[in-house]
Amino acid sequence: MATEQKITGNSSGVELRQLDHQPILSIRENIRTEQLGETMGERLQALQAYLRQSGAQPAGPPFVRYHTFSDTETDMELGVPLKEPAAGEGRIAAGELPGGSAAVTEHLGAHDKLGEAYGRIAAWVEENHRESAGPAREVYYWIDLSKDLDPSGWDPSTWRTELIQPVK
């Protein structure tokens, strides 16, 4: 099982962590940006059903990596970290999140202000003379795949989202 070790923190709310490699199951595909919400809901349900069917055990909350993002289209990967590697099936692929250094910050609340957290990460990377080492990911601590998914019960004011930007 992967572990995360805190290395340093600072007043900007960004810290440097050393991450272990992490086995995952995920669904990755290019989609129209306007379909993001409905696509995420459908994929969360598909991953949850596959976890239950396969017996694979989540090691934490789901995440999204945007490999590319524009006003019209995004290459989006929605996944779940696993306690042990598991085989994928169909559009659900087995994979691994890379280990290494990462700049990490949190955002509390609805995602309309998530850009501020991305701005903190970008400023930290520049101030600390680092470079991106791959796509950032958003980890959704307010989604529990061990329970039935009911988006109507999610209160956006309580959403805790962690942003992780791998760095060189």
Q. Does a side-chain N-to-carboxylate-O contact under 4.0 Å join R91 and E42?
A. yes

Q | Stepwise salt bridge (Lys or Arg N to Asp or Glu O under 4.0 Å) check, D155 with R160 | A | CA-CA 11 Å; D155 176 3; R160 184 168 72 92; over 6 Å; no

Q. When clusters are formed by joining ILVMFWY residues with side-chain heavy atoms under 4.5 Å apart, either directly or through shared neighbours, do F69 and Y140 land in the same one?
A. yes

**Q.** Under 3.5 Å side-chain donor-acceptor pair for E162 and T105
**A.** no

Q: List the steps and the verdict of side chain to side chain contact (heavy atoms under 4.5 Å, CB included) for M76 and M40.
A: CA-CA 9 Å; M76 180 187 109; M40 286 184 65; 3.7 Å; yes

Q: Apply side chain to side chain contact (heavy atoms under 4.5 Å, CB included) to Q18 and S101, showing your working.
A: CA-CA 5 Å; Q18 185 64 33; S101 297; 3.3 Å; yes

(Q) Please check this pair: side chain of S157 against backbone of G109, looking for a donor-acceptor N/O pair closer than 3.5 Å. (A) no

Q: Inspect the surroundings of CG in D71 and state if more than 12 heavy atoms from other residues, nucleotides or ligands are less than 6.0 Å away.
A: no

(Q) For the aromatic rings, using the six-membered ring if either is Trp, is the centroid distance between Y141 and H107 under 6.0 Å? (A) no

Q: Before accepting this row, confirm whether a basic side-chain N of the pair R32/D75 lies closer than 4.0 Å to the acidic partner's carboxylate O.
A: no

Q) Taking all atoms of both residues into account, what is the closest heavy-atom pair of A86 and A94, and its distance? A) O-CB, 3.1 Å

Q. When rounded to the nearest 0.5 angstrom, what is the spacing between CG in L78 and CG in L47?
A. 5.5 Å

Q. What distance separates I121 CD1 from E116 CD, expressed to the nearest 0.5 Å?
A. 13.5 Å

Q) Between L149 and I27, is there a shared hydrophobic cluster once you connect ILVMFWY residues whose side-chain heavy atoms come closer than 4.5 Å? A) yes

**Q.** Criterion side chain to side chain contact (heavy atoms under 4.5 Å, CB included) on Y118 and L163, from CA distance to verdict
**A.** CA-CA 7 Å; Y118 276 103; L163 270 66; 3.5 Å; yes

(Q) If you apply the rule side-chain hydrogen bond (donor to acceptor under 3.5 Å, both in side chains), what do you find for W142 with T161, and how did you get there? (A) CA-CA 8 Å; W142 42 275; T161 304; 3.3 Å; yes

Q. Does P98 offer a backbone N or O that forms a donor-acceptor pair with the side chain of H21 under 3.5 Å?
A. no

Q.
Once rounded to the nearest 0.5 Å, what's the spacing between atom CZ of R130 and atom CG of L16?
A. 5.0 Å

Q.
Tell me whether Q57 contacts the main-chain N or O of G55 through its side chain, where contact means a donor paired with an acceptor under 3.5 Å.
A. yes

(Q) Applying a strict under-4.5 Å side-chain criterion to I, L, V, M, F, W and Y, I'd like to know whether W154 and V64 cluster together. (A) yes

Q | Main-chain N/O of A102 paired with E15 side-chain donor or acceptor, under 3.5 Å | A | no

Q | CD-CH2 distance between E106 and W159, expressed to the nearest 0.5 angstrom | A | 16.0 Å

Q.
Is it true that T33 and E73 share a donor-acceptor pair across their side chains at a distance under 3.5 Å?
A. no

Q | Check against salt bridge (Lys or Arg N to Asp or Glu O under 4.0 Å), R43 and E77 | A | CA-CA 10 Å; R43 288 181 183 181; E77 178 183 22; over 6 Å; no

Q | Derivation of the side chain to side chain contact (heavy atoms under 4.5 Å, CB included) call for N30 and T74 | A | CA-CA 6 Å; N30 284 322; T74 180; over 6 Å; no

(Q) How close do P58 and A56 get, counting heavy atoms only, and between which atoms? (A) CD-O, 3.7 Å

(Q) Does atom CD (Q53) have a neighbourhood of more than 12 heavy atoms from anything else shown, all under 6.0 Å? (A) yes

